[in-house]
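Down below is the structure, laid out as structure tokens.
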There are 2 protein chains.
Amino acid sequence: MLSIGTLSKKTGTKVQTIRYYEEIGLLPRPGRTAGGQRRYHPHDLDRLAFVRHGRQLGFSLDAIRELLALSDQPQQPCAAADSIARRQLRQVEQRIARLSALKQELERMITECAGENVAECRVLEVLRDHSECLTDHDNIGA
Amino acid sequence: MLSIGTLSKKTGTKVQTIRYYEEIGLLPRPGRTAGGQRRYHPHDLDRLAFVRHGRQLGFSLDAIRELLALSDQPQQPCAAADSIARRQLRQVEQRIARLSALKQELERMITECAGENVAECRVLEVLRDHSECLTDHDNIGA
DNA sequence: GCAATATCTTCAGTGACTGAAGAGAAAGGC
DNA sequence: GCCTTTCTCTTCAGTCACTGAAGATATTGC
């Protein structure tokens, strides 16, 4: 039986985060001691590690919820898990593409900065200049 | 004199977002019609475009606030703007590095997925397997 | 038995918006 | 001038994924 602090240390998850996952139903409600403290099975540690690993891979908690539901039914075909992962991969690729464009623009701003005073500063000029504006006006999510 | 809707269309910013920027002091409080509707100067349009462009480059609103303050004082040396941009560049590079690692791991998950049923699904296996866990336990921010 | 540490609940806050409700203002057409 | 449609107003709550703090109680180690 593991305390919440032990789970926290073993997974690198803050105690409050573990309680938060419980609250939103990602982790089952654990048993309690006579005094009301949570006590976990090793099984719960695995589940939490799964969640954290998914987060580190950039999955949303909703996606992780789906993946957990899949992994609870081992007879299902794995196409669903595959498609979740592919969706995630596409999102990651999009973010990389967008960030690479930003990187280029930032580098250009910096290298072209004359270093004199703000009036000629390339950094501010780029931000001011509407014509160089990136044209996609939807998500920023950088 | 421009209505908030015109600003919204010209910059691709939602009306509520413009009001939000006003509320947090990024945009000055505009004049009002007799009926209480906001009316903007072209000057305000430029400022909003500056903000939005900064956001698209991944600057936080706080960073943009600093940049705006700099651009309001054109006699200052531009070292400050430069250092904000460099900081931003470093952050962007870090995000790209992290996302590239995620991309690799996701690709590996997907290509190795046998496609049979969940029990052998590589996607879920990777998430379950603690030993393959990325070792940095701090920020996720993907 | 006591002190130190861990855990409890509850609430509020973060960043950067977004959405909705319900009411009033402006604009265009006739 | 009136009517309808569209715009805008304020206010409040919600999003995501946590994070922090206050004040009280439990457990652990010595």
Side-chain angles (χ1 to χ4, degrees), chain A residues 1-27 29-40 44 48 50-68 88 91 95 98 137-142, chain B residues 1-27 29-40 44 48 50-68 88 91 95 98 137-142:
Chain A
M1 288 301 183
L2 312 160
S3 72
I4 197 169
T6 306
L7 250 72
S8 167
K9 263 170 222 144
K10 294 216 179 198
T11 62
T13 312
K14 303 223 162 155
V15 165
Q16 302 103 291
T17 304
I18 298 173
R19 290 196 282 247
Y20 169 72
Y21 287 162
E22 176 186 335
E23 194 186 313
I24 63 168
L26 265 189
L27 296 179
R29 269 182 260 155
R32 302 276 184 142
T33 63
Q37 299 195 354
R38 290 167 177 81
R39 285 297 177 269
Y40 295 90
D44 297 318
L48 176 56
F50 184 105
V51 172
R52 294 305 312 183
H53 196 177
R55 289 292 297 135
Q56 278 163 349
L57 286 168
F59 290 94
S60 70
L61 290 183
D62 267 3
I64 290 169
R65 209 188 290 273
E66 286 184 75
L67 292 168
L68 278 169
Q88 184 59 26
Q91 279 174 18
R95 287 202 198 117
R98 174 188 294 268
H137 268 163
D138 46 20
N139 260 1
I140 284 167
Chain B
M1 286 302 180
L2 313 160
S3 72
I4 198 169
T6 307
L7 249 73
S8 167
K9 265 171 219 142
K10 294 215 179 199
T11 62
T13 311
K14 303 220 163 164
V15 165
Q16 301 103 293
T17 305
I18 298 173
R19 290 196 283 247
Y20 170 72
Y21 287 162
E22 177 186 335
E23 194 187 315
I24 63 170
L26 264 190
L27 298 179
R29 269 181 262 154
R32 301 278 184 143
T33 64
Q37 298 195 356
R38 290 167 178 82
R39 285 298 176 268
Y40 295 91
D44 297 320
L48 177 55
F50 185 103
V51 172
R52 287 268 94 191
H53 197 176
R55 288 295 296 135
Q56 278 162 350
L57 286 167
F59 290 94
S60 71
L61 291 183
D62 267 1
I64 290 169
R65 209 188 291 273
E66 286 183 77
L67 292 168
L68 278 169
Q88 185 58 27
Q91 280 175 18
R95 289 203 195 111
R98 176 188 293 268
H137 268 163
D138 46 19
N139 262 1
I140 284 168

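Chain letters run A, B, ... following the sequence lines, proteins first, then strands; residues in each count from 1.
- Residues passing the side chain to side chain donor-acceptor pair (under 3.5 Å) test with A/Thr33: none are found, sequence neighbours excluded.
- Scored by the side chain to side chain donor-acceptor pair (under 3.5 Å) test, B/Ser60 finds no partners at all (sequence neighbours excluded).
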Output a table of nitrogen or oxygen pairs between the protein and nucleotides 1-3 of chain D separated by less than 3.5 Å.
none

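- Remark: B/Lys14 is in phosphate contact with C/dG19, judged by side-chain N or O atoms under 4.0 Å from OP1 or OP2.
- In this structure, the side chain to side chain contact (heavy atoms under 4.5 Å, CB included) partners of B/Arg32, at least two apart in sequence or on a different chain, are B/Glu22, B/Arg38.
- In this view, A/Thr17 satisfies the side chain to side chain donor-acceptor pair (under 3.5 Å) rule with no residue, not counting sequence neighbours.
- Across the protein-nucleic acid pair, A/Leu7 atom CG and C/dT7 atom P stand 10 Å apart, rounded to whole Å.
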Contact state string [nucleotides 9-15 of chain D, B base, S sugar-phosphate only, - no protein heavy atom under 4.0 Å]: BB-----
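- Going from atom CZ of A/Arg65 over to atom C1' of D/dC16 covers 12 Å, rounded to whole Å.
- Here the side chain of A/Ser8 pairs no donor or acceptor atom with the backbone of A/Ile4 at under 3.5 angstrom.
- Among pairs with a residue in residues 57-67 of chain B, those fulfilling salt bridge (Lys or Arg N to Asp or Glu O under 4.0 Å) read B/Asp62-B/Arg65, B/Glu66-B/Arg87, at least two apart in sequence or across chains.
- At C/dT7, one or more side-chain N or O atoms of A/Ser3 fall inside 4.0 Å of OP1 or OP2 (strictly under the cut-off).
- For B/Tyr21, a side-chain nitrogen or oxygen approaches OP1 or OP2 of C/dC17 to under 4.0 Å.
- For the pair A/Thr17 and D/dT19, the criterion of a side-chain N or O lying under 4.0 Å from OP1 or OP2 is met.
- Rounding to the nearest 0.5 Å places CG of A/Leu2 at 6.0 Å from CG of A/Leu7.
- A distance-only check finds no donor-acceptor pair linking the side chain of A/Arg19 to the backbone of A/Glu23 [under 3.5 Å].
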Which protein N or O atoms sit under 3.5 Å from an N or O of nucleotides 1-4 of chain C?
none

